[in-house]
Q: 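Shown below is the structure under consideration.
Remember, predicted model here, so these are calculated numbers, not experimental data.
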Amino acid sequence: MTKATILIPAHNEAAVIGRTLWFLSRGLNLAEYQVIVIVNGCSDATAARARAALPQAKVIDCKTAGKCHAMNLGYAAADKSAPVVCMDADLDVTAETVAALSVAVTVEGTDAACGRMDVDTTHASPAVRAFYQGWRSHPYFDRGKFGGLFALSAKAAAQVFPLPDVTADDEYIRRSFCDARIATVPGCTFVARSPTKLSSLVNIRRRSLRGTREITKLGLPSPERASRFRMLGRALVSPRDALPIAVFLAVVTWVRLVLLFETSQSPRWERDLTSRVVR
């Protein structure tokens, strides 16, 4: 019996996919978990390295680039009776975390589950480190991080798939369910690596904000708008956090201003390559 299917879309992730699969597979009972890597639109050796790192995984090699398209292909090959765990190809995720998320979405009344994302800023510039220190103060993260890694019950997955062609697929899925039906799993953590440069950070924040606005236009509920004021309140209570929160808000404000002048010819999928380096 399949306990969960793990979907990993991967576009030009040859530098990190081996590390991701190695980290995931330690302690993972591959007789119980179905791992599907959807290699999409790659011009590198992502598929070969995925197969070498985890021969038990099903690797789907698709010529068309696009995360939502890749996720749909992966779900089409998944066991529909089991929960689905969606994860990005550049994360450190343990077998214990996957198991905890899978169990959480088998509880009646739970559509989705997420944990907490820790960001490794070891190789980042001081400005980027300050941004992520402030970022952690955002009230959104009081409920965990729904993005990068999350699980869906079998019923919830059938409800959201196939995904529309959107930029912010994680946000689309999150807003498809009532917050009360999304569980935050205590002790469930995973690690992402930050961009090393402020310019790269601005690029991925621009993509994120553009994607969020796109989802809002689809008519799905908007996130809480009072968050920035609550962050300012936290800065006043904890002066140590004031500078990082100021850096966070300054970057977010700058990104919003940049988007005001964006045209339809602007890039649609900014990507950080500085964190995709094996060290």
Q: Hey, does the side chain of R136 reach the backbone of V119 with a donor-acceptor pair shorter than 3.5 angstrom?
A: yes
Q: Short question: side chain of S200, backbone of P195 - any donor-acceptor pair under 3.5 Å?
A: no
Q: May I ask you to say whether R193 pairs ionically with D92, meaning some side-chain N is under 4.0 Å from a carboxylate O?
A: yes
Q: Answer yes or no for K80 and Y75: cation-pi contact, defined as NZ/CZ to six-membered ring centre under 6.0 Å and angle to ring axis within 45°.
A: yes
Q: Are V39 and V37 packed together at the side-chain level, in the sense that at least one heavy-atom pair is separated by less than 4.5 angstrom?
A: yes
Q: Are K67 and D88 ion-paired here, with the side-chain N under 4.0 Å from a carboxylate O?
A: yes
Q: Between T46 and E13, is there a donor-acceptor pair closer than 3.5 Å when you use the side chain of the first and the backbone of the second?
A: yes
Q: Does R181 pair with D179 as a salt bridge, N-O distance under 4.0 Å?
A: no
Q: With a 3.5 Å cut-off and no angle check, do the side chains of R175 and T216 form a donor-acceptor pair?
A: yes
Q: Tell me, yes or no, whether the heavy-atom count around D44 atom CG, taken from other residues, nucleotides or ligands under 6.0 Å, exceeds 12.
A: yes
Q: Do R26 and W22 meet the cation-pi criteria used here (NZ or CZ under 6.0 Å from the six-membered ring centre, within 45° of the axis)?
A: yes
Q: Once you measure the plane-to-plane angle for F150 and F146, does it fall in the parallel (<30°), tilted (30-60°) or perpendicular (>60°) bin?
A: parallel
Q: Decide, yes or no, whether a salt bridge links R210 with E214 under the criterion of side-chain N to carboxylate O below 4.0 Å.
A: no
